[in-house]
Structure formats: C-alpha cells, structure tokens
Amino acid sequence: MCGKNQDLVTDLESGEIACSKCGLVTSDKIQELGPEWRTFDSEGSGRSRVGSPSTLTFHDMGLATIIGKENRDSSGRQLEASANARFQRLRTWDFRSQAQSLNHRNLLRAFSELGRLKDKLGLSDAIMEKTAYVYRKAQDKHLIRGRSTSSILAAAVYAACRELEAPRSLTDIAKATDVKRTDVSRSYRILVLELGLKVPLIDPMKCISKIANGLGLSEKTKRMAILTMNELVQKKISAGKLPMAMAATVLYMSCVANGETKTQKAIASMAGVTEVTIRNRLNDLEHR
DNA sequence: TAAGATAAGAGGGACAT
DNA sequence: ATGTCAGTCTTATCTTA
C-alpha cells in the first residue's frame, strides 16, 4: 500500500512524508526549504552558496576543516622547521577543539546514538535538529551528570517531538531506546523544568483528526466528535484525562451515533490507549 | 467475537513529616 | 528526603450478548 506515490502525503510542519492510508513514514528526507546562503548587500544580489549547511547534529556543528598531518605545503614542498613547529601547535589545538573535551566526546556519543534513533522512530531532520539543540542545552546546564546519556537523549527526542507536534509516545521512544519508560519520563520532566521548555499541550482536537484520519472515518463523524469535544472541554470534564483517550472516546460515541462500525479495540489501538480506558471515559460521561 | 466488568499493579502529583 | 493517599491508566482474565 505504501509503495504507491499517490498515497504519500507530506507533512511540512514535521518534515515527514507519510502514507496517507496507513501512516507509515516513508521518508524524512525533505530538503531544508530556507535559503542556504547569506547576502550582505541590500539588492540581494551576489548570492553564493556557503558550503554544506551547518548542523547541530555534528559535535562541531558540521565544520569539516581539519589540519592534516603531512608536513608539506600545498605544492608539496617540505615545510621549514619553524613553520613545522607552528603547525604542530595548531594541530594540537585543532585536535582539542574537535574531540578532546569531555563534552564533545559525550556529544559525539549521543549524536551517533541519535542517528540510530532516527531510523527507528522515523524522525524528521527538523526533529533531529531540535533534539540536538535540547541536548546541547541540557549539557550546558550540566543536567547530564549522574544520568545516563541515553535517557537524556531519549527525553530530548520526546521533547522535540512534542514541540514540533509530531507525536511519539513515551512508550514508543522507550521501546526504541532501551531506556525504561519511567526513566525517559523522569528525564523529560527534568528537561522541561530546568530548561524552561515551552511544550504545547496536546490538543484533543488534533488527536481527533489524527485518529479519525487513521481509521478513515467520515467527515460527519469527525465533525460530530469535534463538537462534542468542544462541550467537554468547556465543561472541564476532560481536565486531567489523557487527551488521546478523550479523543478516542468521543470518536467512538460519534461512530455509534452515526452507525459507523468501528470497534473500541480499533479506535483504542489507533489512539494508543486501551479499550478499558475508553470504557472508563464512557462511564464518566454517562454520569454527567 | 465484541463489549462489559473486575481486580491487581505501576507510576506520578500533592501534601505532610 | 521519605511516606502516604487519591486518582489515573494498564494488563489480565472472566462473563455476557
């Protein structure tokens, strides 16, 4: 199903290309849309490319120049002794600036792990950058001391996903990272607390359309669910409950009302909650 | 086979010690 | 810091239609 191009939809915000039928992310290789050049004159002419984009996911931000170990100049002549010594010093600093410092080595480890996660979780480049940014800030604030690189990295991934509204559940990330769900969660809370991340609340309306689209429900059902959800939000019945669970419940009710036959199981698994939770929410709603 | 019911357990927030 | 408590959600299992 996912091999057909016409099923592919592009999510520009999260930078994913996904199959509209099954939601499989087939590619996260959307090119950066912004210009990769800088111009300093007012007419905007004279643009020139400035090399590969610098990226946060390399420990040195993608700068590629290194000082080689050949003691020869560009035309192949042997360097004089004084120049030789000077380059030796430069080499030392060059080396130190690249990987010597503990921080940089740590970043190297984290980012190579991040590269592996990218495939496992289908992360977009935008999410990768965000993750790297968050991780760097965590390191700058010395939040990594005493915690594992992996758990902080996992938490950073989760934060990036939340911030870019490309939902991956804590459980998804825990599975992909070999970090326990609770550890991811704990680290995530620390990140939010210490870095003052402003993470958008999960919008139940978005949950509704996500689930409804995933199941191929009718517009009518979807609209009805959204109306119901509006009421619930206003009556504050939804407060403190999982947004996904509320969305799933409301959708289930709309399905029943419209004669669309979807099982609780189907809706629950699409929403990433259990049937029991849906039933609990249904009970709540009945008693109001 | 789907839906409903029930029980046990995990994990986190609030609050007190 | 540690413990307790109420409330939420999950997992598992059994019953009902």
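The analysis underlying the following values was restricted to heavy atoms, covering all of them including side chains, and did not include hydrogens, waters or symmetry mates. Letters go in sequence order (proteins before strands), and every chain restarts at 1.
- Proximity of A:K241 to the phosphate of C:dT8: a side-chain N or O atom is located under 4.0 Å from OP1 or OP2.
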Expected string for nucleotides 1-7 of chain B under the B/S/- scheme (protein heavy atoms, under 4.0 Å, primed atoms plus P, OP1, OP2 as sugar-phosphate) is -SSBB--

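- Distance CZ (A:R181) to P (B:dG9): 19 Å, rounded to an integer number of Å.
- In this structure, A:L251 and A:T221 approach most closely via the heavy-atom pair O-CG2, 4.4 Å.
- Atoms CG (A:L193) and P (B:dG12) sit 14 Å apart, rounded to a whole Å.
- Residues passing the side chain to side chain contact (heavy atoms under 4.5 Å, CB included) test with A:I144 are A:N106, A:Y135, A:Q139, A:I152, sequence neighbours excluded.
- Distance CE (A:M244) to C1' (C:dT8): 18 Å, rounded to an integer number of Å.
- Applying the ring pair (Phe, Tyr, Trp, His ring centres under 6.0 Å) test to every pair with at least one member in residues 171-219 of chain A, sequence neighbours left out, gives these pairs: A:Y158-A:Y188.
- Residues passing the side chain to side chain contact (heavy atoms under 4.5 Å, CB included) test with A:N84, sequence neighbours excluded: A:N71.
- Distances shown here put every side-chain N or O of A:T182 at or beyond 4.0 Å from the OP1 or OP2 atom of B:dA10.
- Residues satisfying the salt bridge (charged side-chain N to carboxylate O under 4.0 Å, His left out) criterion with A:K262, sequence neighbours excluded, are absent altogether.
- Contacts of A:Q234 classified as side chain to side chain contact (heavy atoms under 4.5 Å, CB included), with partners at least two apart in sequence or in another chain: none.
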